[in-house]
Enquirer: 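Handing you this structure, nothing more for now.
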2 protein chains.
Amino acid sequence: MRTQPLKVALLGCGVVGSEVARIMTTHATDLAARIGAPIELAGVAVRRGGRERAGIDPALITTDAVELVKRDDVDVVVEVIGGIEPARGLILSAMEHGASVVSANKALLAEDGSTLHAAAAKHGVDLYYEAAVAGAIPLLRPLRESLAGDKVERVLGIVNGTTNFILDRMDSTGAGFAEALDEATALGYAEADPTADIEGFDAAAKAAILAGLAFHTRVTAADVYREGITEVSAADVASAKAMDCVVKLLAICERGADGQSVSARVHPAMIPRSHPLASVREAYNAVFVESEAAGQLMFYGPGAGGAPTASAVLGDLVAVCRNKLSGATGPGESAYAALTPQPVGIARTRYHLSLDVADRAGVLAQVAAVFAQHDVSIDTVRQQGRDGDATLVIVTHTATDAALAATVADLRGMDIVRDIAGIMRVEGE
Amino acid sequence: MRTQPLKVALLGCGVVGSEVARIMTTHATDLAARIGAPIELAGVAVRRGGRERAGIDPALITTDAVELVKRDDVDVVVEVIGGIEPARGLILSAMEHGASVVSANKALLAEDGSTLHAAAAKHGVDLYYEAAVAGAIPLLRPLRESLAGDKVERVLGIVNGTTNFILDRMDSTGAGFAEALDEATALGYAEADPTADIEGFDAAAKAAILAGLAFHTRVTAADVYREGITEVSAADVASAKAMDCVVKLLAICERGADGQSVSARVHPAMIPRSHPLASVREAYNAVFVESEAAGQLMFYGPGAGGAPTASAVLGDLVAVCRNKLSGATGPGESAYAALTPQPVGIARTRYHLSLDVADRAGVLAQVAAVFAQHDVSIDTVRQQGRDGDATLVIVTHTATDAALAATVADLRGMDIVRDIAGIMRVEGE
């Protein structure tokens, strides 16, 4: 074993960063044995200095991240500050100065991963980011490496813990969205500003990263169709229950039927209670990967939190350090397939709709005619009468988003249709 | 991209080998793009020649595996013949001649993995074997690499599809073991000689490999405590049902409480129906990994079959070829922790027992006293009377195997105990 330590610069010392530093110290002997050389902190960049950090030598703390990443003695930079800037500039500077990079930054990877990959390739360093998607769950390495000899057809999963916690509460207690969000905030599952989670931005960034790896194609967050969960009502959740379904925020990445395109989308959907994703409770994550030879695989675990995310960061750190010692680099960007990201209108799913209609003869026939006109085939209709009005709960066979939107627009123009509610995709069958 | 192809020698052309050859041909363009060079078959060694193999150039077929692995132009040898010899000799010869090896051979890896790893290190080549455990499920790479910065505490899973199919049928149809085995054989889930599966040898080999990787320690199949499922009766499955449990053949690898030992065991156990492993049906596999920072992770998928196993082989093949091109090797054996494999008597589990006893006053007190004498604490007792006899269904708190065995021996010596049946471990709580 080499005795000269590899030096690690840590950018950020919040929930994840402090846990990374802690494990590096408490598990130093194991990490050295697994890497083939000891590792030690070269410095820890924080936004505001002057505060003590448990277990970290105060001499290592700096507020000058720009200088830290340029240091000659830094072998690896671990970036856990998040956001686009200054993270991107720091990572690019680190690579230029010969350091490999481990990042947990989903927003940056989803927005501009190819710039980072190009810089890594140019400077002959590594870029690893397992922690960016689904926390501790080994998912990117399996996609990048284990399935490198297979053809992935579809990735479908729950990749945001905050929204899963909220939807789980709505399902188990009957609470509305606002009430469940309050509980998530009180318990620390939602941030003070929960926008990135509840509007689906976080899940969309992860979907972009997953789609890119799964289909060997550049996919950015802007390519991902996105709907959050703020419009999901207690009535929607109850409707799902009546169908023996549960509402989940899903990230879905699919190869197009033409073989030349890919679609990535994030939206709430009803899935049958018998589907394995239905039993993913609280803030857990789970991802299905369907591929040609392997069939259906599932990966499940904690999707966030300091220690789980640190586990993923440390796994990458060990790999990157091993590569440094052997003078090699791991797999770089693989975007050779260059499939075309498709708008969501192309994706085919089933839909659930709840229509308030006038309760008179011939209504169902008229409504059904509108669906037929747009080539949207109806799977089931449940009719509930109520004082002159009636509710039609309709589940369609698979149809495109565009066809469904056109159907809904026509339905809204009909006298006999008083209201349309509970429009939600149905997945997992 | 390099235009000169990397050459692959395939040992074995059965269910898995023919699928590997097929994917290498049909997905040649994708594989080349992912590796950075084309790959092509250098030769395919089979036991008996003269038969046509779909999609394989007859000129590539040879019955002389010994010569094939020595060829100078072979970069990688894929071994899918299984068993100890001639597989071991061929792999060692291949490494000596500079080829990296991808193997799906669980029996060999579990019996003598360290010899193979040592040869790989000596000759500067790779040894990858993802397909040896849990088929297509990416499990070894996550353990070897993703969790390399974490501390694994426990691995618990269903790693044999044949026995899971049999137990699943016994549970869902009430069939006995023999009847369910017949069905498994008829459907191709069990081999003509099912010994390796039903006696737990296959699962024990996988447990040894998992324990070795999880705990950075050498563990061989001989270190694994093993019980098969041939003694599991319809009555046991019914007893489990009455407790809202299901019987599964589990592989369990645990770090000892002393931190210096490791235990690996394979045996049938009752697990609660609410446990995620309880819903693993038919021939599927699923493995839980519990580690200090990541928490509880689960990996699920098809555990066997030609295409799924080929997917794992191809993933390794891509990795090994990439390493060849970059002049590096992947992670080798990691056995630095050198924990002591412990006999199963040390492992602590809960037990289910069903006692036929004389139905008279004071029996429960006498039985309970025997348990107490051996420090086996009783969790629940259910008493069912029946014509002068009674049945006591007892579930204990955690106890060692040794303590339970001593308790059972004493119980058997008691006049009031007519029979002891349904002794089974209870896990997953």
Enquirer: Would you mind telling me which of G149(B), G315(B), G306(B) has the largest number of heavy-atom pairs within less than 4.5 Å of chain A?
Expert: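 Top option by heavy-atom pairs under 4.5 Å: G149(B).
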
Enquirer: Please report the closest heavy-atom contact between P276(A) and M298(A), naming both atoms and the distance.
Expert: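 Here P276(A) and M298(A) meet closest at CB-SD, 3.9 Å.
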
Enquirer: Using a cut-off of under 4.5 Å for heavy-atom pairs, which of A319(A), A337(A), P331(A) has the most such pairs with chain B?
Expert: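 The answer is P331(A).
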
Enquirer: Are side-chain heavy atoms of L297(A) and L147(A) found at a separation under 4.5 Å?
Expert: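 Yes; the side chains approach each other to less than 4.5 Å.
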
Enquirer: Under a 4.5 Å cut-off applied to non-hydrogen side-chain atoms, are V155(B) and F288(B) in contact?
Expert: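 V155(B) does not reach F288(B) side chain to side chain.
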
Enquirer: Write out the donor-acceptor pairs between chain B and chain A under 3.5 angstrom, atom names and distance to 0.1.
Expert:
unit_1: H27(B); atom_1: NE2; unit_2: E292(A); atom_2: OE2; d: 2.9
unit_1: D30(B); atom_1: OD1; unit_2: Y336(A); atom_2: OH; d: 2.5
unit_1: R34(B); atom_1: NE; unit_2: H216(A); atom_2: NE2; d: 3.2
unit_1: R34(B); atom_1: NE; unit_2: Y336(A); atom_2: OH; d: 2.8
unit_1: R34(B); atom_1: NH1; unit_2: A148(A); atom_2: O; d: 2.9
unit_1: R34(B); atom_1: NH1; unit_2: D150(A); atom_2: O; d: 2.7
unit_1: R34(B); atom_1: NH2; unit_2: Y336(A); atom_2: OH; d: 3.3
unit_1: R141(B); atom_1: NH1; unit_2: S146(A); atom_2: OG; d: 3.1
unit_1: S146(B); atom_1: OG; unit_2: R141(A); atom_2: NH1; d: 3.1
unit_1: A148(B); atom_1: O; unit_2: R34(A); atom_2: NH1; d: 2.9
unit_1: D150(B); atom_1: O; unit_2: R34(A); atom_2: NH1; d: 2.7
unit_1: D150(B); atom_1: OD2; unit_2: S311(A); atom_2: OG; d: 2.7
unit_1: H216(B); atom_1: NE2; unit_2: R34(A); atom_2: NE; d: 3.2
unit_1: E292(B); atom_1: OE1; unit_2: H27(A); atom_2: NE2; d: 2.9
unit_1: M298(B); atom_1: N; unit_2: Y300(A); atom_2: O; d: 2.8
unit_1: M298(B); atom_1: O; unit_2: Y300(A); atom_2: N; d: 2.9
unit_1: Y300(B); atom_1: N; unit_2: M298(A); atom_2: O; d: 2.9
unit_1: Y300(B); atom_1: O; unit_2: M298(A); atom_2: N; d: 2.8
unit_1: S311(B); atom_1: OG; unit_2: D150(A); atom_2: OD2; d: 2.7
unit_1: Y336(B); atom_1: OH; unit_2: D30(A); atom_2: OD1; d: 2.5
unit_1: Y336(B); atom_1: OH; unit_2: R34(A); atom_2: NE; d: 2.8
unit_1: Y336(B); atom_1: OH; unit_2: R34(A); atom_2: NH2; d: 3.3

Enquirer: Between G327(B), P142(B), P302(B), which has the largest tally of heavy atom pairs under 4.5 Å with chain A?
Expert: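 Answer, by heavy-atom pair count under 4.5 Å with chain A: P302(B).
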
Enquirer: According to side-chain contact (heavy atoms from CB on, under 4.5 Å), who are the partners of A304(B), at least two apart in sequence or on a separate chain?
Expert: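 Checked A304(B) against side-chain contact (heavy atoms from CB on, under 4.5 Å); zero matches.
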
Enquirer: Can you find a heavy atom in the side chain of I35(B) that is under 4.5 Å from one in the side chain of L6(B)?
Expert: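 Contact flag for I35(B)/L6(B) side chains = yes.
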
Enquirer: Which answer fits L31(B), side chain, backbone, both or neither, if we ask what part of it has an atom under 4.5 Å from a heavy atom of chain A?
Expert: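 Side chain only.
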
Enquirer: Only pairs of heavy atoms separated by less than 4.5 Å count here; which of A294(B), A328(B), G301(B) has the most with chain A?
Expert: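 Greatest number of close heavy-atom pairs with chain A: A294(B).
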
Enquirer: Tell me, for I23(B) versus chain A, whether the close heavy atoms (under 4.5 Å) come from the side chain, the backbone, both or neither.
Expert: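 Looking at I23(B), just its side chain touches chain A.
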
Enquirer: Could you point out which residue of V8(B), V78(B), L10(B), L314(B) forms a side chain to side chain contact (heavy atoms under 4.5 Å, CB included) with V102(B)?
Expert: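 Filter result, single survivor: V78(B).
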
Enquirer: Taking C-beta and beyond as the side chain, do L156(A) and L277(A) meet within less than 4.5 Å on heavy atoms?
Expert: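 L156(A) reaches L277(A) side chain to side chain.
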
Enquirer: Do L210(A) and L140(A) have side chains that get closer than 4.5 Å, going by heavy atoms?
Expert: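 Yes, close enough: below the 4.5 Å cut-off.
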
Enquirer: Within a strict 4.5 Å, meaning less than it, do heavy atoms of the V318(B) and I39(B) side chains meet?
Expert: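 Not touching, per the 4.5 Å side-chain cut-off.
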
